[in-house]
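Lettering follows sequence order; numbering is per chain, from 1.
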Protein chains: 2
Amino acid sequence: MIAGDEGIARWRKVADAIRAMIDDSRGAMEQLPVEAALAERFQVNRHTVRRAIAVLQAEGILRAERGRGTFVERRPARIAYPVGARTRFSENITAQSRQPAGRLIASGREPATAPIAAALGLRLGAPLHRLESMNVADGLPMSMATSWFPAERFPGIVAAYAETGSITRALAAEGVDDYRRMETRVSAARVSPADAEHLACPADAVVLVTHSVNLDAEERPIQFSHSRFLADRIEMVFRT
Amino acid sequence: MIAGDEGIARWRKVADAIRAMIDDSRGAMEQLPVEAALAERFQVNRHTVRRAIAVLQAEGILRAERGRGTFVERRPARIAYPVGARTRFSENITAQSRQPAGRLIASGREPATAPIAAALGLRLGAPLHRLESMNVADGLPMSMATSWFPAERFPGIVAAYAETGSITRALAAEGVDDYRRMETRVSAARVSPADAEHLACPADAVVLVTHSVNLDAEERPIQFSHSRFLADRIEMVFRT
DNA sequence: TTATATTTGTGCGTATGTATA
DNA sequence: CTATACATACGCACAAATATA
């Protein structure tokens with residue numbers, strides 16, 4: 001295909017060639033030729049083309065749709081998500097004139113594991129309410145979150161969230177007028193299969209993973225949460 | 001393979017079964033049976049097993065080595081990387097009794113593009129020094145960074161970095177005794193092929209992507225940087 | 001040190017399923 | 001209903017890296 005490229009697998013060369021095609025078109029190419037045509041053009045088997053397309057899908061450059069074709073992804077700008085002591089999902093989203101919504105996915109009562117007990121200042125095994133939720137902006141899924149609350153202090157937190165779709169309002173219903181975020185730990189990973197299902201994203205999407213602790217006005221921990229934000233839809237902004 | 005699972009692809013079922021095997025072993029399983037054995041056990045073609053293994057590799061659960069076998073990844077704990085106004089890579093790393101090192105990968109002189117000019121408060125096309133570097137802790141690559149500095153104010157910044165391996169010391173050599181970080185924007189993505197080469201990581205690794213601006217004591221922007229941290233080696237910690 | 005076997009990686013051919021146009 | 005286009009699955013063959021006798 002190219003001179004002096006003996007040691008490189010064909011599917012890599014095909015992937016590079018397709019990437020170059022897209023770059024060269026400068027945004028003009030919206031759809032890829034069909035797999036059979038690409039296989040013919042590069043003189044390889046259709047499987048080899050498919051492997052190349054698979055990696056380009058993983059890179060977020062292409063999106064294949066069964067029965068329709070393979071399309072070049074135009075990536076939308078990320079929503080900025082300022083994180084600070086007073087971070088609230090709904091406020092962040094409404095501030096960008098988008099429509100926020102929180103949906104209860106699942107909930108349960110469970111004993112505190114070591115890291116959560118430590119974060120919340122509880123004894124090991126203390127009863128917690130676990131709340132799995134999804135956050136949406138303008139109907140587009142943005143993130144999944146798992147939150148733990150001390151069950152004794154917040155007996156009705158799950159019901160309150162189910163009704164209001166907002167952690168802030170659910171906490172208010174349980175008597176917490178104000179709270180602030182203490183620490184946010186940020187990492188990243190591939191989306192889990194279960195989250196991918198809810199977020200309606202590719203199985204190999206990348207998520208920003210955060211762990212954070214919220215404190216009430218008396219500096220008592222009230223919530224430990226673990227959120228997964230779709231990395232191609234959100235960008236976190238920290239001011240220091 | 002399992003009753004009542006008609007609509008699910010075989011490779012998915014195999015992937016789920018392997019994931020369950022690993023979970024069930026509770027860390028005891030270090031190596032997977034060979035592909036042929038798995039194909040026999042699950043009564044599928046070897047390609048089907050390979051596809052399942054491919055997704056588990058993408059999830060970071062497995063690592064295949066040609067000629068040796070397929071191994072279960074034990075994931076090492078991430079290094080905490082506190083980010084604040086006074087974030088310095090070397091201080092962060094030494095604070096955890098690890099040995100930091102910065103290496104100059106490439107450099108160049110180029111005109112400011114619109115976003116960089118805006119971030120640095122320069123006119124469009126103003127001359128910049130671009131500095132590509134790699135940061136290492138204990139000999140293990142941690143991140144790649146691209147930094148831009150106003151070329152007129154910092155004519156010798158590249159040489160100073162090449163000599164010291166530290167942005168802080170290079171800026172000091174150029175007359176900046178102190179600086180602070182203004183804003184950090186955090187997202188995530190798959191590693192680029194070029195970065196994967198330098199970081200010696202899998203081609204499908206996930207990176208935390210940050211964009212940040214540093215200011216000198218007079219609040220003048222002195223540096224715009226774009227860093228890519230390997231997400232499985234580092235966790236950023238923001239205190240708010 | 002040298003063969004040989006083992007194990008993963010690549011590539012092709014073929015067939016069939018499923019969603020879309 | 002038919003043709004198109006991507007998705008899944010199997011079988012075969014050989015290459016490349018590693019392990020073992």
Side-chain angles (χ1 to χ4, degrees), chain A residues 1-2 5-18 21-22 29-73 193 196-197 200-204, chain B residues 1-2 5-18 21-22 29-73 193 196 200 202-204:
Chain A
M1 183 174 307
I2 306 165
D5 56 352
E6 285 73 25
I8 298 131
R10 290 194 187 179
W11 64 265
R12 286 187 191 280
K13 292 187 267 187
V14 172
D16 291 343
I18 294 174
M21 272 169 57
I22 294 166
M29 185 183 304
E30 294 180 355
Q31 186 168 0
L32 221 59
V34 301
E35 294 172 347
L38 291 169
E40 167 67 19
R41 177 181 325 179
F42 297 122
Q43 287 294 295
V44 296
N45 188 274
R46 191 178 141 235
H47 283 306
T48 307
V49 170
R50 283 182 57 73
R51 173 134 195 207
I53 288 175
V55 306
L56 297 176
Q57 281 194 87
E59 289 175 18
I61 294 171
L62 294 178
R63 168 181 38 89
E65 294 183 26
R66 187 193 301 206
R68 302 212 325 124
T70 303
F71 302 87
V72 179
E73 282 282 27
E197 188 82 23
C201 67
D204 53 6
Chain B
M1 183 176 305
I2 305 165
D5 55 354
E6 285 72 26
I8 298 129
R10 292 193 185 179
W11 63 266
R12 285 187 191 279
K13 292 187 269 189
V14 172
D16 290 344
I18 294 174
M21 273 170 57
I22 294 166
M29 184 183 303
E30 294 181 355
Q31 187 168 0
L32 221 60
V34 300
E35 294 171 349
L38 291 169
E40 167 67 19
R41 177 184 321 180
F42 297 122
Q43 287 293 297
V44 297
N45 187 273
R46 189 177 146 234
H47 281 306
T48 307
V49 171
R50 283 181 58 73
R51 172 133 194 207
I53 289 174
V55 307
L56 297 176
Q57 282 194 87
E59 289 175 18
I61 294 172
L62 295 178
R63 167 182 38 89
E65 294 182 28
R66 187 195 298 205
R68 304 215 324 126
T70 303
F71 302 86
V72 178
E73 281 282 26
D204 54 4

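- Closest heavy-atom contact between Pro33(B) and Arg41(B): CG-NH2, 3.7 Å.
- Distance Arg46(B) CZ to dT6(C) P: 14 Å, rounded to the nearest Å.
- Contact between Ala52(B) and Ala15(B) at its shortest, heavy atoms only, is CB-N, 3.5 Å.
- For dG11(C), the OP1/OP2 oxygens have no side-chain nitrogen or oxygen of Asn45(A) closer than 4.0 Å.
- A straight line from CZ of Phe71(B) to P of dT7(C) spans 11 Å, rounded to a whole angstrom.
- We find that CG of Leu32(B) is positioned 16 Å from C1' of dT6(C), with the value rounded to whole Å.
- The two residues Asn45(A) and His47(A) have their closest heavy-atom pair at OD1-N, 2.8 Å.
- When every heavy atom of Met21(B) is checked against every heavy atom of Leu32(B), the shortest pair comes out as CE-CD1, 4.4 Å.
- A nucleotide of DNA chain D counts as in contact with chain A when one of its atoms lies under 4.0 Å from a heavy atom; the first and last such, 5' to 3', are dA5(D) to dA9(D).
- Rounded to whole Å, atom C1' of dT6(C) lies 12 Å from atom CD of Gln31(B).
- The residue among Gly67(A) and Trp11(A) whose nearest nucleotide of DNA chain C is located toward the 5' end is Trp11(A).
- The CZ-C1' distance, from Arg12(A) to dG9(C), rounds to 10 Å in whole Å.
- Contacts between residues 47-55 of chain B and DNA chain D, counted as heavy-atom distances below 4.0 Å, involve His47(B), Thr48(B), Arg51(B).
- Scanning for side-chain hydrogen bond (donor to acceptor under 3.5 Å, both in side chains) contacts around Arg46(A) gives Glu35(A), with sequence neighbours left out.
- An OP1 or OP2 oxygen of dG17(C) is reached within less than 4.0 angstrom by no side-chain nitrogen or oxygen of Arg66(A).
- Across Ala64(B) and Thr70(B), no two heavy atoms sit closer than the pair CB-OG1, 3.8 Å.
- Between Arg63(A) atom CZ and dT20(C) atom P the separation is 13 Å, expressed in whole Å.
- Arg63(A) and Val72(A) make their closest contact through NH2-O, 4.4 Å (heavy atoms, listed as atom of the first residue, atom of the second, distance).
- Distance, Arg10(A) CZ to dT10(C) P: 13 Å, rounded to whole Å.
- The closest side-chain heavy-atom distance from Val55(A) to Trp11(A) is below 4.5 Å.
- With values rounded to the nearest 0.5 angstrom, Leu62(B) atom CG is found 4.5 Å from Ile22(B) atom CD1.
- A straight line from CZ of Phe42(A) to P of dC12(C) spans 13 Å, rounded to a whole angstrom.
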